[in-house]
Each structure stands twice: as C-alpha cells, then as structure tokens.
Amino acid sequence: MEKVPHNMPVWRAMAVRDPDSPFGRLPRALARVNVHVPIRPNWVCAGCGAPWPCETRRNQLLAEFDGTPVSLGLLMGGYFVDCCADLPNRAVGELYGRFLGWLKEQPEPHEDQEP
C-alpha cells in the first residue's frame with residue numbers, strides 16, 4: 001500500500017464527535033481514510049473482509065450519525081436496495097438483518113426526566 005504524502009489533501013472519510021468540544025457534537029476530521037468500505041458486487045468489507053457493513057463500520061456510522069437515527073436508517077436503506085440488486089440470489093431477510101436489523105438493536109435516545 002502506498003503511503004500518502006503529508007501535503008496531499010485527503011477527503012474526510014467520516015466524522016466523529018469531538019469529546020473535548022464544549023458542544024459535544026462538533027465533527028472532527030479523522031487523520032486517516034476509512035478503509036471499511038464495501039467492495040461491490042459482493043458487499044464485503046475492503047478493510048477486514050467481513051460482510052459489509054462490518055462491526056467497525058457500524059460503530060463508525062453510529063458515531064457519525066449520532067442523534068440522527070432516521071438519516072442513518074435512510075442511508076442504510078439505500079445500501080440495502082443496492083445490495084439486493086447486486087445479490088439477487090441472497091435471502092432478503094438475511095440482507096435486511098445485515099443492513100437494517102442492527103439499527104433496531106441500538107438504544108433509543110431519551111431525554112432525562114426530572115423526578
């Protein structure tokens with residue numbers, strides 16, 4: 001793998017919350033490019049070889065879309081449709097669980113209630 005020169009501009013692959021920010025939700029650019037992207041048409045992760053979205057990419061997406069679960073669901077729904085078109089012989093239920101089912105497992109954000 002080629003090393004990227006320090007003076008070469010690199011597009012942000014994702015953003016995460018900056019824990020030192022007083023606002024807690026300001027994105028910061030990562031120092032490296034995200035390698036956990038899908039290789040199509042097989043939909044395996046380029047970074048680890050697991051079925052995409054792999055656990056690492058799921059965690060990255062949760063951080064990137066923190067507080068906006070509907071937006072994340074819409075994005076993953078688009079990937080689900082693309083994957084169904086690329087892998088027509090796969091069981092739709094399996095692909096649904098892979099792309100959208102894991103979103104249900106996340107705890108829903110709730111506001112603190114006063115006693």
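Below, all heavy atoms of this structure are taken into account, side chains as well, without hydrogens, waters or symmetry copies. Residues: numbered from 1 along the sequence shown.
The shortest distance between side-chain heavy atoms of Trp102 and Leu62 falls below 4.5 Å. The side-chain heavy atoms of Cys45 and Arg57, taken from C-beta on, include no pair separated by under 4.5 Å.
The two atoms that bring Leu87 and Asn42 nearest to each other are CD1-O, 4.1 Å, heavy atoms only. Shown here for Gly97 and Arg58, the closest heavy-atom pair between the two residues is O-NH2, 4.4 Å. Taking each heavy atom of Leu103 and Gly73 in turn, the nearest pair found is CD1-CA, 3.8 Å.
Following chains of ILVMFWY side-chain contacts shorter than 4.5 Å, one cannot reach Phe99 starting from Leu74, and the two form parts of different hydrophobic clusters. Residues Phe80 and Ile39 do not share a hydrophobic cluster, clusters being chains of Ile/Leu/Val/Met/Phe/Trp/Tyr side chains in contact below 4.5 Å.
Checking side-chain atoms of Trp52 against main-chain N and O of His36 turns up a donor-acceptor pair under 3.5 Å.
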| said: What verdict does the side-chain contact (heavy atoms from CB on, under 4.5 Å) test give for Tyr79 and Leu95, after you've listed the backbone C-alpha separation in whole Å, the side-chain angles of each residue and the deciding distance to 0.1 Å? | reply: CA-CA 10 Å; Tyr79 286 133; Leu95 296 178; over 6 Å; no
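For the atom pair Arg90 CZ and Trp43 CH2, the distance stands at 12.0 Å (nearest 0.5 Å). Rounding to the nearest 0.5 angstrom, the gap separating the OG atom in Ser71 from the CE atom in Met76 is 13.5 Å. Atom CG in Leu61 sits 12.0 Å away from atom CG in Asp66 (nearest 0.5 Å).
Remark: Asp82 engages no residue in a side chain to side chain donor-acceptor pair (under 3.5 Å) (not counting sequence neighbours). Not counting sequence neighbours, the partners of Arg40 by the side chain to side chain donor-acceptor pair (under 3.5 Å) test are Asp86.
The environment of CD in Glu94 is crowded: more than 12 heavy-atom neighbours from other residues, nucleotides or ligands sit within 6.0 Å.
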